[in-house]
Student: 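Quick one: the structure is below, and I'll ask about it shortly.
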Amino acid sequence: MSKLTRSPAWQALKAHHTAIEPVHMRQMFQDDPARFDRFSLRLGNLLFDYSKNRINGETIKLLVALAGQAELPACIGRMFGGERINFTERRAVLHTALRNCSGHPVYVGGMTRCAQATGAGMPPPRLLPQTAGCAITSDLASVVGSPSRMASSSTSNVSEADGKDVMPDVRRVLGLMRRFSDAVRNGQHVGYTGKPISDIVNIGIGGSDLGPLMACEALRPYASPKLRAHFVSNVDGTHLAETLKKLDAETTLFIVSSKTFTTQETLTNACSARAWLVGKLGDEQAVAKHFAAVSTNLKATGEFGINPDNVFEFWDWVGGRYSLWSAIGLPIALYIGMDRFEELLGGAYAMDEHFRSAPPERNMPVLLGLLGVWYGNFFGAGSNAVLPYDQYLHRFPAYLQQLEMESNGKRVDRDGNAVDYDTGMVVWGEPGTNGQHAFYQLIHQGTRMIPADFLAPLHSQNPGGEHHSILLANCFAQTEALMLGKTAGEARAELIAQGLHGEALEALLPHKVFPGNRPTNTLLFDKLDPHTLGMLIALYEHKVFVQGVVWNINSFDQWGVELGKQLAGKILPELCGAAAVSGHDASTNGLIGHLSGHAP
Ligand code: G6Q
């Protein structure tokens, strides 16, 4: 048994699970009319209702004890404090610095294995009105008039030195983003033939795609009507080809986004896009006006031929899937404008401040994370559905899939020992009512428990008719039905009312029963504006952190992704005939052989 599973907090939860397993939530609601008040939380305009969970006060106490045993508060302090908690890559984890509106410096710290260390070391939080934008403000002063815009970026593509305050660089790059996005949006930055930019195409994959794509979709109502945003990620040539079909080279701006600037998919797509552009405009010189890059690898962006004035850097302490707050968010800034982008940062900052200051039992990310642990480790749930009742959030589940599954899809603990408990869950979902007509059947009546998060705005960005009332009625009805279920008695009464009786009734009855007792969280917000989206994303980022701390895993590396990056490298030359096919298993040899008669 691992240290975690034999720990007193874990064992206490195990015993508590045995006691709570037979209790139906119907009963819990009947017994406690104040259950909603006890198990809901507000932060700014965000309401987190977690009362429809299989918990009581004792559950929360025990889960909080588990977090305490894992030294969660100290670990939070270490992340915000810039310690190198991503120890397998010797990196700090400082996406929170990218939205640090406090005016305080943030220093890259020394290497620490957070679960083993003690002591809080948390700076006192600075309170921020929940509706405020981000006071981080892009530092235009350090951009304008600077002899070289990269002058102070000596650390790019290398590890930041311990003790360095990252905030001046953060502000400087935000300033560059503001200058560039303003210029594109107001028509100052024009294409090679002098026409204003109408289309931006982000070329990136994984963390360099999913965040900006999700956020641009979510914030469409705030977008400039003069700009369209496109995202090309897949190396499948179809993705680029279908995107280019819609575009005019004279008015298109490509942003090549890659932390490493070595990713095969991104570089392949970027090269093809460049060839398309030069082919259409007939001059290599056009590239300078139509290509920008976002990367930590400034040497590689230079070698690719991107005009240094259009290169936006970030740093090794920003993980790919945590990078939308950095220059990787440039498509968002272009699309909705820099002021709105800074509101997004402000929302995340509000959640950061809540996360680092609220007591665990009143802390949204802590509770959300611990509820996941409760179901994953004690009820054996294997997946978590995320169900936005807001069409603009249609890519949110896909975004969370990477955030959660890449971060917590780990099988060894921080000491390298195989864990004897489950870690990250499968995350999946679709916008609400579409899902209702598809996979909700399994959530209601299937054999597996699937905890689900329901997200909905009180106000639609597109009010009119009865759409929004119908949408919300569906959302609330689903969580109610999942909690209550339908007993055999209720189903029987319904069937009798429909005129059924005898054998026909008895045959149908079991199919009409819903066990209920299926847990859900509901997140309600005023409307999906940049500030709220920032809060929601940061909420889930910190949820992932909480779970990683409890499971004693490194949530910030991704060796599985790195493996994928290496694998095709060996087979590609074999497919092209540049190397002999060797060293594979019979299946892979067979597939390669099959292809050789049908050249791609
Ligand atoms: C994210 C992962 C991964 C990464 C992509 C793209 O946390 O590391 O999804 O973002 O593999 O990598 P580049 O940005 O380096 O092209």
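We count ligands from 1, going down the list as the structure has it; atoms in each ligand are counted the same way.
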Student: Out of all atoms in ligand 1, which are within 4.0 Å of some heavy atom of K259? Include the element for each.
Tutor: 13 (P), 14 (O), 15 (O), 16 (O)
Student: Return the closest protein heavy atom for atom 10 (O) of ligand 1 as residue, atom name and distance.
Tutor: G207 N, 2.9 Å
Student: Considering only heavy atoms of S208, which atoms of ligand 1 have at least one such atom less than 4.0 Å away?
Tutor: 10 (O), 13 (P), 14 (O)
Student: Looking at F396, Y399, F355, which hits ring pair (Phe, Tyr, Trp, His ring centres under 6.0 Å) with Y540?
Tutor: F396
Student: Kindly check if the number of other-residue, nucleotide or ligand heavy atoms within 6.0 Å of CZ (R395) is above 12?
Tutor: no
Student: What protein heavy atom lies closest to atom 6 (C) of ligand 1? Include the residue and the distance to one decimal.
Tutor: I205 O, 3.2 Å
Student: Note the single closest protein heavy atom to atom 12 (O) of ligand 1, along with its residue, its atom name and the distance in Å.
Tutor: K565 NZ, 3.2 Å
Student: Polar-atom distance check: E562 versus ligand 1, any N or O pair below 3.5 Å?
Tutor: no
Student: Considering only the protein, which heavy-atom contact is closest to atom 15 (O) of ligand 1, and what is its distance?
Tutor: T260 OG1, 2.6 Å
Student: Considering only heavy atoms of G320, which atoms of ligand 1 have at least one such atom less than 4.0 Å away?
Tutor: 1 (C), 7 (O), 10 (O)
Student: Applying the salt bridge (charged side-chain N to carboxylate O under 4.0 Å, His left out) criterion to D557, which one of R90, K410, R91 satisfies it?
Tutor: K410
Student: For ligand 1, is Q402 a contact, meaning one of its heavy atoms is under 4.0 Å away?
Tutor: yes
Student: Measuring from D182:CG to D339:CG, what's the distance to the nearest 0.5 Å?
Tutor: 7.5 Å
Student: Please say which of Y192, W276, F254 ends up in a ring pair (Phe, Tyr, Trp, His ring centres under 6.0 Å) with F291.
Tutor: F254
Student: Only heavy atoms of T263, strictly under 4.0 Å: list the atoms of ligand 1 that pass.
Tutor: 12 (O), 13 (P), 15 (O), 16 (O)
Student: Is there a nitrogen or oxygen of T266 sitting under 3.5 Å from a nitrogen or oxygen of ligand 1?
Tutor: no
Student: Just by distance, with hydrogens left out, do N297 and S295 show a side-chain donor and acceptor under 3.5 Å apart?
Tutor: no
Student: Any side-chain donor paired with an acceptor under 3.5 Å for D422 and N377?
Tutor: no
Student: Using a heavy-atom cut-off of under 4.0 Å, does the side chain or the backbone of R321 touch ligand 1, or both, or neither?
Tutor: both
Student: Is there a polar contact between ligand 1 and S257, counting only N or O atoms under 3.5 Å apart?
Tutor: no
Student: Parallel, tilted or perpendicular: which one describes the rings of F80 and H542, with boundaries at 30° and 60°?
Tutor: tilted
Student: Checking side-chain polar atoms at under 3.5 Å, does W325 have a donor or acceptor matched by the opposite partner on E541?
Tutor: yes
Student: For atom 3 (C) of ligand 1, what is the nearest protein heavy atom, given as residue, atom name and distance?
Tutor: E406 OE2, 3.6 Å
